[in-house]
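Each remark here refers to the structure printed beneath this line.
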Amino acid sequence: MTTVLSIETSCDETAVAIVNNRKVCSSIIASQIPIHTQYGGVVPEVASRQHLLIITDLIAQAIEEAGITWAEIDGIAATVAPGLVGALMIGMSAAKTLAILHDKPFLGVHHLEGHIYASYLSAPELAPPFLCLLVSGGHTSLIHVKDCGVYTELGATRDDAAGEAFDKVARMLNLGYPGGPAIDRLATQGNPTLYPLPEGNISLPGGGFHPYDSSFSGVKTAVLRLVQKLQAEGKELPVADIAASFQNSVARSLTKRAIACAIDHNLDTIAIGGGVAANRGLRATLQAAASQRNIKVLFPPMEYCTDNAAMIGCAAAEHLRRGHISPLDLGVQSRLSIMEVMSLYLSEG
Ligand code: KG4
Ligand code: ZN
């Protein structure tokens with residue numbers, strides 16, 4: 001049994017957890033959304049300062065809630081990439097300090113590997129190989145999960161992430177930040193086929209489209225033009241219909257790519273993760289298409305879809321069991337491919 005204390009501060013959630021293999025002993029998430037809402041998005045300096053203000057209290061709280069002692073903790077982990085550099089620094093510095101103080105191994109975790117491991121938290125029997133559809137505010141990827149630390153990114157967005165597109169469209173419709181949940185709610189009252197919107201196909205030089213890569217800037221621009229046209233005509237904006245049509249376009253685009261990718265790679269399970277995995281339109285569209293093809297879809301509960309430290313601890317526990325630990329001079333990185341996860345570890349040997 002491997003017990004890890006893990007910290008996640010890559011963006012606008014300060015989170016600390018204690019995880020025992022794939023079991024969550026405590027998971028505390030302090031969202032900064034109310035603070036960033038007034039700016040309409042995340043302000044990096046504000047995020048770092050806020051992480052710093054509360055991280056020590058959250059660590060104490062996570063240990064207390066788990067009811068464990070330092071002697072029972074086998075390793076200390078923190079997200080080190082990708083993310084906002086200043087924000088990552090706070091979590092990583094806290095983790096390294098605790099590792100030195102309590103003489104425990106330190107593990108620097110890749111944020112997207114954490115999102116992949118969120119699926120193990122809600123389905124501990126899950127085993128590779130499977131396909132992970134990762135759809136968050138910062139990323140949109142199709143990842144072939146082969147083993148711990150062994151990933152191939154088969155598809156990605158060429159521009160905006162899916163969640164970013166939800167947030168930007170929500171801003172055009174004056175729905176506030178973050179936009180995904182607001183669009184999801186409104187879409188239930190709108191007509192999803194009223195406004196046909198592009199599905200973001202990426203043309204290939206020899207003709208045809210890229211089967212797995214996506215683009216969301218086209219649909220975002222199409223919504224903007226539609227809003228401007230309706231406003232110029234002096235019409236009241238049919239906000240629910242626009243939200244439903246936009247959500248339908250994104251759900252169809254993601255579903256088409258995920259199903260094609262799973263079939264082409266002989267993968268019978270799609271695990272979905274990231275904040276957009278909560279979207280009801282996406283869930284319904286993907287579930288319907290997958291069941292026609294005998295593909296299983298795993299939808300983790302919301303608390304593990306959005307950013308949390310439990311998923312980081314779960315990934316770290318698996319690495320630690322395999323003898324992977326990180327050097328204490330490891331730095332943070334704003335960008336790092338999921339395929340380079342193992343560059344964060346030394347082999348214990
Ligand atoms: O995974 P996450 O918490 O943070 C990142 O790592 O980015 O994802 C946040 C994103 C935001 O863009 C938010 O608008 C979106 O997830 N989101 C949703 C829903 N809930 C959150 N998008 C669509 N429908 C939802 N229900
Ligand atoms: Zn995330």
Side-chain angles (χ1 to χ4, degrees), residues 6-15 17 27 29-33 36-37 40-42 44 47 78-84 87-88 91 109-119 121 132-141 143 156-157 160-173 175-188 190 192 216 219-220 243-244 246-255 271-286 299-312 314-315 334-336 338:
S6 52
I7 302 174
E8 155 63 42
T9 60
S10 67
C11 190
D12 60 349
E13 259 100 24
T14 321
S27 172
I29 304 167
S31 172
Q32 301 179 3
I33 287 176
H36 297 289
T37 299
V42 178
T79 307
V80 294
L84 303 172
L88 289 166
V109 177
H110 192 289
H111 183 74
L112 298 196
E113 189 176 37
H115 276 299
I116 293 169
Y117 270 79
S119 292
L121 287 174
C132 179
L133 169 61
L134 211 160
V135 274
S136 71
H139 297 91
T140 300
S141 304
I143 300 164
T157 177
D160 292 350
E164 195 179 351
F166 269 94
D167 295 335
K168 287 178 178 168
V169 166
R171 208 174 307 158
M172 292 173 204
L173 302 176
L175 300 176
Y177 171 86
I183 290 189
D184 192 348
R185 264 192 311 277
L186 262 178
T188 58
F216 295 103
V219 65
K220 180 192 67 187
F246 164 73
Q247 179 172 291
N248 184 33
S249 150
V250 175
R252 283 207 323 260
S253 160
L254 290 170
T255 296
I272 178 163
V276 184
N279 186 264
R280 283 171 286 177
L282 173 61
R283 285 179 177 232
T285 309
L286 183 59
F299 295 105
M302 196 48 200
E303 61 190 303
Y304 299 140
C305 285
T306 45
D307 288 350
N308 64 87
M311 66 186 195
I312 302 299
C314 186
S334 61
R335 299 169 70 100
L336 179 69
I338 183 74

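In each ligand, atom 1 is the first atom listed, and ligand 1 is the first ligand listed. One-based numbering along the sequence shown.
- Proximity of a side-chain donor or acceptor of H139 to a complementary backbone N or O of L134 within less than 3.5 Å is not detected.
- Listed by chain and number, the residues in a ring pair (Phe, Tyr, Trp, His ring centres under 6.0 Å) with H111 are H115 (sequence neighbours excluded).
- Partners of R280 by side chain to side chain donor-acceptor pair (under 3.5 Å), not counting sequence neighbours, listed by chain and number: D184.
- Minimum heavy-atom separation, T79 to L88: O-CD2, 3.5 Å.
- Between the side chain of D167 and the backbone N or O of G179 there is at least one donor-acceptor pair closer than 3.5 Å.
- The distance between the ring centers of F166 and F246 falls below 6.0 angstrom.
- No donor-acceptor pair closer than 3.5 Å links the side chain of T285 to the backbone N or O of R252.
- Using modelled atom types, one side-chain atom of T9 and one backbone atom of A87 make a donor-acceptor pair closer than 3.5 Å.
- Protein residues having a heavy atom under 4.0 Å from any atom of ligand 1 are H111, H115, S136, G137, G138, G163, F166, D167, P178, G179, G180, P181, D184, G274, G275, V276, A278, N279, C305, T306, D307, listed by chain and number.
- Around the Zn ion (ligand 2), the protein contributes the following N, O or S atoms under 2.8 Å, ordered by chain and number: H111 NE2, H115 NE2, D307 OD1.
- Nearest heavy atoms, A271 versus S119: CB-OG, 3.3 Å.
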